[in-house]
There are 2 protein chains.
Amino acid sequence: MQALTITATKAQLDSILEALEGASDHDALQAVSEQLRDHFRVDHLVYHWVSSSGDQYGCGSYPDAWVLHYIEQEYLRIDPVIQGCYRRFHPVDWKQLDWSSKAARAFQADAIAHGVGNQGYSVPLRGPNGQFALFTVSHNGDDDDWSEFTAANRRHLILIAHYFNHKALELHPERTPEAGQTLSPREVDAMTFLAMGYSRAQVAETLSISEHTLRVYIESARFKLGAVNTTHAVARALSRGLIVI
Amino acid sequence: MQALTITATKAQLDSILEALEGASDHDALQAVSEQLRDHFRVDHLVYHWVSSSGDQYGCGSYPDAWVLHYIEQEYLRIDPVIQGCYRRFHPVDWKQLDWSSKAARAFQADAIAHGVGNQGYSVPLRGPNGQFALFTVSHNGDDDDWSEFTAANRRHLILIAHYFNHKALELHPERTPEAGQTLSPREVDAMTFLAMGYSRAQVAETLSISEHTLRVYIESARFKLGAVNTTHAVARALSRGLIVI
DNA sequence: TTCTAACTCCCCCAAAACAGCGAGGCTGCG
DNA sequence: CGCAGCCTCGCTGTTTTGGGGGAGTTAGAA
């Protein structure tokens, strides 16, 4: 095991970020991730996108055997790194995660057996519609060295995570939702109050209009949003950012 | 108007981030934001938290008159910076936003009249349950100077945004929701299909359970989410990031 | 082991939402 | 000026949801 790289100069960081920005496809991104791994002298460096439908996209240095095994075993659902980062705001050291459940410990043993490393640091990344990705560095080493490494490189890792995410999205624009059409002010009002749990009667009263009129707005919004019912329309309006509650 | 600061050395950035990390309350954070503003020589530098219920928390250098006016006019709903960043992944220059609507132009004129500046750069920040915050620098100046400034300082601004968010959350832990808000797998299934517009009968069929059983899940989810009806529950599940469609 | 939480099934009836039809006034744009 | 989009109001009948009960199994955690 080589010593971890404890510091990176501004110039080094700049050149890494530039290489990242210049990547033009998945293979190039993969190559950059390997360069980054070598630069930091960690065992692994991975970007992992988890889509709403359970699809995954990974890029990095994990062994293929582990990746396939991970997908096959549906580890996505029990991986404490995913679970923990999914409900955290900030980057997290793997030691801070909850490894107490039986499934988590089994997963951990399996991961270490596949050479993933016993130490790790993961940066959660989020998109406007609940999109979620992780940027992770992992390593096999003792706690002190790892603490020193993460303390020294945290800022760089955050920034690299950002740029990695940026590039990965650029390469897969289908993950970025299209900007749909807008709703009229009254439609926005209607959708907003409905999303707040008001019944049609309550919304109509709140907006000082008849319930019949309100219904026209709801139907119109439903039509614009391609929704089959009110709940669907509210869900779409929310996830497209057309209303905020 | 002073010239914008085009570069910051690693040492300067480090000292800024350390000051940020050392802030112990809102006033200290406010002070750091003013130091940052002076350091970058921009007109304004603001952190703006928008909660799902419409509450707001701001910290930065906007004039009090503008902040009060903003809240009073409920500009949150029409502010193109909020609207635009809410549906974007990455930091954005205000020029890239959609200012075409009448309300947006009126807002823009009002903002400029209050000294907000015609240029701006905003970094969206997200939390695990749909929490949303913005970190913004704004300035009064011409396009070329501003482009040069943002190109040179983008990375620093992203990092500072990160740390600002970290600190703001540390100072207001109540914004970090309690963890008990999770839904069971079946409840997630139910909410997800309902959000996709399925009727109860369709969801029950899809999940291969009786409609009665499904109703138990919906009611249970409604109870957990503190929702008064299905639409409300779906809206909350969505905006808390418990389901994704 | 005990206990909790999750999953599954069943009844009835009132309230709310949906679907289809139509109609008129207002504003802003080309 | 006409057109398009928005805002407003009405009727009738069918379908879907909500609220009130109760009850058994299984898997995992304390």
Side-chain angles (χ1 to χ4, degrees), chain A residues 77-78 80 83 98-107 180-235 237 242, chain B residues 78 100-106 179-237 242:
Chain A
R77 298 202 175 277
I78 57 166
Q83 301 294 326
D98 176 20
W99 297 92
S100 64
S101 84
K102 211 168 105 183
R105 274 195 299 268
F107 169 80
Q181 66 283 60
T182 61
L183 299 177
S184 79
R186 277 313 217 191
E187 287 159 356
V188 171
D189 291 341
M191 290 294 109
T192 303
F193 286 118
L194 289 170
M196 288 163 60
Y198 288 31
S199 71
R200 292 205 306 208
Q202 287 175 311
V203 177
E205 195 189 346
T206 306
L207 297 178
S208 304
I209 56 177
S210 80
E211 200 178 326
H212 307 283
T213 302
L214 176 71
R215 254 188 51 200
V216 177
Y217 297 145
I218 299 174
E219 274 166 28
S220 158
R222 222 172 44 213
F223 178 75
K224 284 185 183 176
L225 296 165
V228 299
N229 58 34
T230 302
T231 300
H232 195 194
V234 168
L242 300 172
Chain B
I78 58 168
S100 63
S101 84
K102 210 170 112 181
R105 275 197 298 267
Q181 297 271 356
T182 64
L183 299 177
S184 78
R186 279 313 218 191
E187 286 160 358
V188 171
D189 292 340
M191 289 295 108
T192 303
F193 285 118
L194 290 171
M196 288 163 59
Y198 287 32
S199 70
R200 289 204 307 210
Q202 288 174 310
V203 177
E205 194 189 347
T206 306
L207 297 178
S208 304
I209 55 177
S210 78
E211 198 178 326
H212 308 282
T213 303
L214 176 71
R215 257 186 52 197
V216 177
Y217 297 142
I218 298 173
E219 274 166 28
S220 159
R222 225 174 40 215
F223 178 75
K224 283 185 183 176
L225 296 165
V228 298
N229 56 35
T230 300
T231 300
H232 195 194
V234 168
R236 288 205 158 173
L242 299 173

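Note: hydrogens, waters and symmetry copies are ignored here, and every other heavy atom, side chains too, is used. Residue numbers begin at 1 in each chain, while the letters A, B, ... track the order of the sequences. All of these numbers come straight from a predicted model, not from anything done at the bench.
Each of A/E211 and B/P185 was matched to the nucleotide of DNA chain C holding its nearest heavy atom; the match closer to the 5' end belongs to B/P185. Toward the 5′ end of DNA chain D lies the nearest nucleotide of B/V228, the other residue of the pair A/K102 and B/V228 mapping further downstream. Comparing B/V216 and B/N229 along DNA chain D, the residue whose closest nucleotide (by nearest heavy atom) sits nearer the 5' end is B/N229.
Contact annotation: B/K224 side-chain N/O to C/dA6 OP1/OP2 distance is under 4.0 Å. The phosphate of D/dT17 (OP1 or OP2) has no side-chain N or O of B/T230 nearer than 4.0 angstrom. Side-chain N/O atoms of B/R200 include one lying less than 4.0 angstrom from OP1 or OP2 on D/dG18. Between A/S199 and C/dA15 there is no side-chain polar atom (N or O) within less than 4.0 angstrom of OP1 or OP2. At least one side-chain nitrogen or oxygen of B/S210 sits closer than 4.0 Å to the OP1 or OP2 atom of C/dC9. Checking the phosphate oxygens (OP1, OP2) of D/dC7, a side-chain nitrogen or oxygen of A/S184 falls inside 4.0 Å. Proximity of A/R222 to the phosphate of C/dA19: a side-chain N or O atom is located under 4.0 Å from OP1 or OP2. Within the structure, a side-chain polar atom (N or O) of B/R186 is placed less than 4.0 Å from OP1 or OP2 of C/dT8.
Formation of a donor-acceptor pair under 3.5 Å by the B/R200 side chain with backbone atoms of B/E211 is not found in this model. With A/E219 contributing its side chain and A/V216 its backbone, the two residues share no donor-acceptor pair below 3.5 Å.
For the pair A/L207 CG and D/dT8 P, the interatomic distance rounds to 8 Å; values are reported in whole Å. In this structure, B/Y217 atom OH and D/dG18 atom P are separated by 17 Å, rounded to whole Å. Note: NE2 (A/H232) to C1' (D/dT16) measures 17 Å, nearest angstrom. Atom CG in A/L183 sits roughly 15 Å away from atom C1' in D/dC7 (whole-Å rounding). Nucleotide D/dT16 holds its C1' atom 12 Å from the CG atom of B/L194, rounded to whole Å. For B/E219 and C/dC7, the CD to P distance is 15 Å, given to the nearest whole Å. We find that CD of A/E187 is positioned 10 Å from C1' of D/dC7, with the value rounded to whole Å. For the pair B/L214 CG and C/dT8 P, the computed distance is 10 Å after rounding to whole Å.
In the model, B/T231 has no side-chain atom that pairs as donor or acceptor with a side-chain atom of B/N229 under 3.5 Å.
Comparing the axis of the opening five pairs of the helix from C/dT1-D/dA30 to C/dG30-D/dC1 with that of the closing five pairs yields an angle of 70°, rounded to 10°.
With values rounded to the nearest 0.5 angstrom, A/L207 atom CG is found 5.5 Å from A/D189 atom CG. One finds the CD1 atom of B/I218 at 10.5 Å from the CD atom of B/E187 (value rounded to the nearest 0.5 Å). How far CZ of B/R215 is from OG1 of B/T213: 10.5 Å, rounded to the nearest 0.5 Å. Atoms CG and CG, on A/L214 and A/L194 in that order, are 6.5 Å from each other to the nearest 0.5 Å.
Below the 3.5 angstrom threshold, one finds a donor paired with an acceptor across the side chain of B/R215 and the base of D/dG19.
Closest approach to the B/H212 side chain among D/dC11, C/dA17, C/dC11 is made by C/dC11 (side chain taken as heavy atoms from C-beta onward).
Minimum interatomic distance between A/V228 and B/G197 (heavy atoms only, all atoms of both residues): CG2-O, 3.1 Å.
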